[in-house]
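Quick notes on the structure that follows.
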Amino acid sequence: MKPKLVYLQPTPVRIWHWLNALGIVTLCISGAQIRFPEFITICGSYRSAILLHNTAGIVVALSFSIWFFYYKWVSGALTSLYVPKMNELSYPLLRQLLFYCYGYFKGASSPFHATPDSKFNPMQKSAYLAIMFVIVPFVSLSGIALLNIGPIRQILLMVGGLQILVIVHFLLACMLGAFLMTHVYLATLGSTPLAYFKPMWTGWEKVEHHDNTDEQPGLAE
Ligand code: HEM
């Protein structure tokens, strides 16, 4: 089978992804220092950790807007790419899970083959849906609220005070950190450890010829 090149990651998606990755890694490190200043001093003083955290937060919020704007209004593929269909949540999801937990270690190739119109396997779809539609927006909103308590002071007092907001922000950030580690690990499970990283850098992915990719737009010999 002759491999084909598929244009999988358009430029705005790549710009968003790497800005977002840089921003979120910086947020995790500076946030850890703000939470545990007695153990972590990697960003210098406490004040510089806060400054870095706030700046990285703005970078993530801006890059999120690029992601949303591109998928919603330019490509129009936000829901078709990111929201799994009911029939993907049963056998295809289980098959992918089995591949990650067992098949991969036996040398099997992934049961899912990406095309520009269907880039994510059911596990990716579910995880990316939760991350991009719930965790990132809510961790950002709770962070913005912590920066500017004034308008929500009364609501906060009714639900238990500032401490509740701090805990919610911290727990959401922990979920994001857990996603990040799993995401980077799973991204190395391609045909070579860098096979999935290259398209996120160049836009193009080399795929074996499969019938379902035959007539897809964006394919090149
Ligand atoms: C050092 C950090 C990161 C690395 C090395 C990395 C790596 C990758 C790679 C290789 C891909 C393409 C393969 C795939 O779709 O799984 C990808 C896609 C993706 N990553 Fe990351 N990632 C990082 C951080 C993040 C973070 C922090 C988020 C979200 C908060 C994120 C969200 C996504 C999403 C949603 C996609 C699919 C994008 C699309 O095609 O629309 N990544 N990442």
Side-chain angles (χ1 to χ4, degrees), residues 5-32 53 56-84 88 93 96-97 99-100 104 109-143 169 171-207 216 218:
L5 282 178
V6 185
Y7 189 59
L8 217 55
Q9 303 294 3
T11 308
V13 173
R14 285 177 280 143
I15 295 175
W16 152 73
H17 183 268
W18 293 119
L19 268 181
N20 177 66
L22 179 71
I24 286 187
V25 170
T26 310
L27 281 171
C28 290
I29 295 171
S30 53
H53 199 72
I58 294 168
V59 170
V60 168
L62 287 179
S63 65
F64 184 86
S65 322
I66 300 178
W67 171 83
F68 189 78
F69 183 85
Y70 174 77
Y71 275 127
K72 178 82 186 150
W73 286 296
V74 181
S75 84
L78 187 67
T79 42
S80 64
L81 277 181
Y82 278 83
V83 182
E88 290 177 289
L93 189 116
Q96 194 64 38
L97 183 67
F99 165 71
Y100 283 139
Y104 175 79
S109 58
S110 173
F112 179 82
H113 305 286
T115 70
D117 295 334
S118 174
K119 287 197 281 189
F120 307 138
N121 68 50
M123 276 185 68
Q124 284 172 313
K125 263 194 183 181
S126 317
Y128 293 161
L129 178 77
I131 283 298
M132 298 307 293
F133 288 72
V134 183
I135 310 288
V136 172
F138 281 98
V139 82
S140 307
L141 286 176
S142 55
H169 187 68
L171 289 180
L172 288 168
C174 290
M175 289 180 206
L176 197 52
F179 161 80
L180 184 57
M181 284 187 270
T182 319
H183 175 60
V184 175
Y185 167 66
L186 292 181
T188 63
L189 303 190
S191 52
T192 66
L194 290 182
Y196 293 146
F197 285 74
K198 284 182 193 151
M200 226 354 149
W201 192 251
T202 63
W204 293 89
E205 176 160 336
K206 220 182 243 176
V207 292
Q216 296 296 338

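Basis for what follows: all heavy atoms, side chains included, without hydrogens, waters or symmetry-related copies. Indexing begins at 1, ligand by ligand and atom by atom, following the structure's order.
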Problem set entry | Proximity flag Trp67 to ligand 1, non-hydrogen atoms under 4.0 Å | no
For this session: Find out whether Tyr7 and Pro116 are in side-chain contact, i.e. whether some heavy atom of one side chain is under 4.5 Å from a heavy atom of the other.
Result: no
Exercise. Taking the six-membered ring for Trp, are Tyr104 and Phe99 parallel (under 30°), tilted (30 to 60°) or perpendicular (over 60°)?
Worked result: perpendicular
For this session: Enumerate the atoms of ligand 1 whose separation from the nearest heavy atom of Ala187 is less than 4.0 angstrom.
Result: 10 (C)
Problem set entry | Heteroatom of His183 nearest to atom 21 (Fe) of ligand 1 (N, O or S, atom name) | NE2
Problem set entry | Side chain, backbone, both or neither: the part of Tyr185 lying under 4.0 Å from ligand 1 by heavy atom | neither
Exercise. Ligand 1 versus Val136, non-hydrogen atoms closer than 4.0 Å: side chain, backbone, both, neither?
Worked result: side chain
Exercise. So which heavy atom in the protein is nearest atom 18 (C) of ligand 1, and how far is it from that ligand atom?
Worked result: Met200 CE, 3.5 Å
Seminar exercise, completed: shortest atom 40 (O) of ligand 1-to-protein heavy-atom contact is with Lys119 NZ, 2.8 Å
For this session: Can you establish whether the number of heavy atoms outside Phe197 located under 6.0 Å from its atom CZ is more than 12?
Result: yes
For this session: Ignoring hydrogens, just give me the one of Val139, Leu189, Val25 whose non-hydrogen atom is nearest atom 1 (C) of ligand 1.
Result: Val25
Problem set entry | Element-labelled atoms of ligand 1 that are located less than 4.0 Å from some non-hydrogen atom of Gln9 | 39 (C), 40 (O)
Exercise. Knowing that exactly one of Lys125, Lys119, Gln124 qualifies, which makes a side chain to side chain contact (heavy atoms under 4.5 Å, CB included) with Leu81?
Worked result: Lys119
Exercise. Is the number of heavy atoms from other residues, nucleotides or ligands under 6.0 Å of Tyr100 OH greater than 12?
Worked result: yes
Exercise. So do the side chains of Ser126 and Pro84 get within less than 4.5 Å of each other, counting heavy atoms only?
Worked result: yes
Problem set entry | Minimum heavy-atom distance Leu8-Pro10, with the two atoms named | O-CD, 3.4 Å
Exercise. Under 4.0 Å from any heavy atom of Tyr71, which atoms of ligand 1 are there?
Worked result: 39 (C), 40 (O), 41 (O)
Exercise. Non-hydrogen atoms of Trp201 versus ligand 1: any pair closer than 4.0 Å?
Worked result: no
Exercise. Can you tell me if CH2 on Trp18 sees more than 12 non-hydrogen neighbours from other groups inside 6.0 Å?
Worked result: yes
For this session: For residues Val60 and Ile24, determine if any side-chain heavy atom of one lies less than 4.5 Å from a side-chain heavy atom of the other.
Result: yes
For this session: Using a 4.0 Å heavy-atom cut-off, say whether Ile131 meets ligand 1 through its side chain, its backbone, both or neither.
Result: side chain
Exercise. Hey, looking at atom 24 (C) of ligand 1, which of Leu22, Leu180, Ile24 has the closest heavy atom?
Worked result: Leu180
Problem set entry | Residue selection (non-hydrogen contact nearest atom 39 (C) of ligand 1) among Phe197, Tyr128, Phe120 | Phe120
For this session: Looking only at distances, please establish whether an N/O atom of ligand 1 is found under 3.5 Å from an N/O atom of His17.
Result: yes
Problem set entry | Which of the ligand 1 atoms, numbered from 1, are nearer than 4.0 Å to a heavy atom of Gln124 | 14 (C), 15 (O), 16 (O)
Problem set entry | Nearest protein heavy atom with distance in Å, relative to atom 29 (C) of ligand 1 | Asn20 ND2, 3.3 Å
Exercise. With a 4.5 Å limit on heavy-atom distance, are the side chains of Val74 and Pro12 in contact?
Worked result: no
Exercise. Going by the angle between their ring planes, with limits at 30° and 60°, are Trp67 and Tyr71 parallel, tilted or perpendicular?
Worked result: perpendicular
Problem set entry | Any Tyr70 heavy atom less than 4.0 Å to ligand 1 | no
For this session: Return the orientation label for the Phe120 and Tyr128 ring planes: parallel under 30°, perpendicular over 60°, tilted otherwise.
Result: perpendicular
For this session: Give the residue and atom name of whichever protein heavy atom lies nearest to atom 3 (C) of ligand 1, and the separation in Å to one decimal.
Result: Val184 CG2, 3.8 Å
Problem set entry | Protein heavy atom at shortest distance from atom 34 (C) of ligand 1 | Trp16 CH2, 3.6 Å
For this session: Using distance alone, determine whether Tyr82 and ligand 1 share an N or O pair under 3.5 Å.
Result: yes
Problem set entry | Test of proximity, Tyr196 against ligand 1: N or O pairs below 3.5 Å | no
Exercise. Any idea how Phe64 and Phe68 line up, ring-wise: parallel (<30°), tilted (30 to 60°), or perpendicular (>60°)?
Worked result: parallel
